[in-house]
Amino acid sequence: MAKKLSHYDRAGRASMVDVSGKSATKREAEASGFVAVSPPVLASLPSNPKGDPLEVARIAGIMAAKRTSELIPMCHPLALSLVDVEVRVCENGLAITSRVSTTGPTGVEMEALVAVSVAALTLYDMLKAADKGIEIREILLERKSGGKSGEYRRRNGGAKQVHG
């Protein structure tokens, strides 16, 4: 049986979930994404006239996570304890990871996903002059912990609810 979607009221209208009755607990989420980039573009990274694309993307991801509730209509504004974004050069592109945590009544999955998404879009923006064929791929929730639903970890080929 499919779970009931939480962002709809009894009349079927979109609504913000009331989290006032939830306990404030430590909650974390990790997300990842990949930006496929050609070898010549990878080789040009150190000489980008706009600055260091990896560092600009990292900061953009951090800033975006803090503004998630302004971008996603039903997300709650949260006091984030940590936002960490990493961009790594790989053989065929750029791997992005984010880790977000808070102590609050709702999770930070969306903040982690927004951080990766905006970091990827920033990389595209900074590198598009060299190649318009850059591809943003595989933006995924890797892990989340805390809250009523418990621990979740993505595994290769699918997801797994660990407990909760």
Colleague: Less than 4.5 Å apart, side chain to side chain, heavy atoms only: is that true for Val116 and Val85?
Modeller: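 In short, these two side chains do not touch, never coming nearer than 4.5 Å.
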Colleague: Roughly how far apart are Tyr152 OH and Glu30 CD, rounded to 0.5 Å?
Modeller: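 Nearest 0.5 Å value for the OH-CD distance: 12.0 Å.
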Colleague: Looking at Pro53 and Leu127, what are the two nearest heavy atoms and their distance?
Modeller: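 Smallest heavy-atom distance, with atoms named: CG-CD2, 3.9 Å.
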Colleague: Using a 3.5 Å distance criterion without hydrogens, assess whether the side chain of Asp131 forms a donor-acceptor pair with backbone atoms of Val37.
Modeller: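 Absent.
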Colleague: Pair Ile72, Val114 - check side chain to side chain contact (heavy atoms under 4.5 Å, CB included), show working.
Modeller: CA-CA 9 Å; Ile72 309 293; Val114 165; 4.3 Å; yes
Colleague: Does Ser98 reach the main-chain N or O of Ala112 with its side chain, forming a donor-acceptor pair under 3.5 Å?
Modeller: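 Present.
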Colleague: Check this for me, if you would: do Asp125 and Lys128 make a salt bridge, where the nitrogen-to-carboxylate-oxygen distance has to be below 4.0 angstrom?
Modeller: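 Here Asp125 pairs with Lys128 in a salt bridge, since their nearest N and O are under 4.0 Å apart.
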Colleague: Specify the closest pair of heavy atoms between Ala36 and Arg137, including all atoms of both residues, with the distance to one decimal.
Modeller: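 Minimum heavy-atom separation between Ala36 and Arg137: CB-CZ, 3.6 Å.
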Colleague: List the steps and the verdict of side chain to side chain contact (heavy atoms under 4.5 Å, CB included) for Glu70 and Thr68.
Modeller: CA-CA 5 Å; Glu70 295 174 33; Thr68 297; over 6 Å; no
Colleague: Do Leu141 and Arg143 have side-chain heavy atoms sitting under 4.5 Å apart?
Modeller: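 No, every pair of side-chain atoms sits at 4.5 Å or beyond.
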Colleague: Heavy atoms only: give me the nearest Glu91-Leu42 pair and the separation to one decimal.
Modeller: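 In terms of heavy atoms, the two residues are closest at O-CD1, 3.5 Å.
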Colleague: Walk me through it: do Ile59 and Glu55 pass the test side chain to side chain contact (heavy atoms under 4.5 Å, CB included)?
Modeller: CA-CA 6 Å; Ile59 292 170; Glu55 183 63 7; 3.7 Å; yes
Colleague: If you group Ile, Leu, Val, Met, Phe, Trp and Tyr by side-chain heavy-atom gaps below 4.5 Å, do Leu121 and Val100 land in one group?
Modeller: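 They do share one cluster, since a chain of ILVMFWY contacts under 4.5 Å joins Leu121 to Val100.
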Colleague: Under the criterion side-chain contact (heavy atoms from CB on, under 4.5 Å), which of Leu45, Ile134, Val41, Ile136 is the partner of Leu94?
Modeller: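 Of all the options given, the one that passes is Leu45.
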Colleague: List the residues meeting side chain to side chain contact (heavy atoms under 4.5 Å, CB included) with Ala57, not counting sequence neighbours, and say none if there are none.
Modeller: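 By the side chain to side chain contact (heavy atoms under 4.5 Å, CB included) rule, Ala57 matches Val87, Ala119, Thr122, Leu123.
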Colleague: Would you name the heavy atoms of Cys90 and Ala95 that are closest together and state the gap between them?
Modeller: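 Between these two residues, the closest heavy atoms are SG-CB, 3.7 Å.
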Colleague: Working to the nearest 0.5 angstrom, can you tell me the gap between Ser145 OG and Glu151 CD?
Modeller: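 Interatomic distance, Ser145 OG to Glu151 CD, rounded to 0.5 Å: 5.0 Å.
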Colleague: Can you check side chain to side chain donor-acceptor pair (under 3.5 Å) on Lys144 and Ser149, steps first, answer last?
Modeller: CA-CA 9 Å; Lys144 69 100 43 214; Ser149 64; 2.8 Å; yes
Colleague: Would you sort out whether Glu111 and Val83 count as a side chain to side chain contact (heavy atoms under 4.5 Å, CB included), showing the intermediate values?
Modeller: CA-CA 9 Å; Glu111 287 74 7; Val83 180; over 6 Å; no
Colleague: With a 4.0 Å cut-off, would you call Arg99 and Glu86 a salt bridge?
Modeller: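 A salt bridge is absent here (no side-chain N lies under 4.0 Å from a carboxylate O).
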Colleague: So which heavy atom on Tyr124 is nearest to which on Lys132, and how close?
Modeller: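 For Tyr124 and Lys132, the tightest heavy-atom pair comes out as OH-O, 3.1 Å.
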Colleague: Can you tell me how far the NZ atom of Lys66 sits from the CG atom of Leu80, to the nearest 0.5 Å?
Modeller: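 The CG atom of Leu80 is 8.5 Å from NZ of Lys66, to the nearest 0.5 Å.
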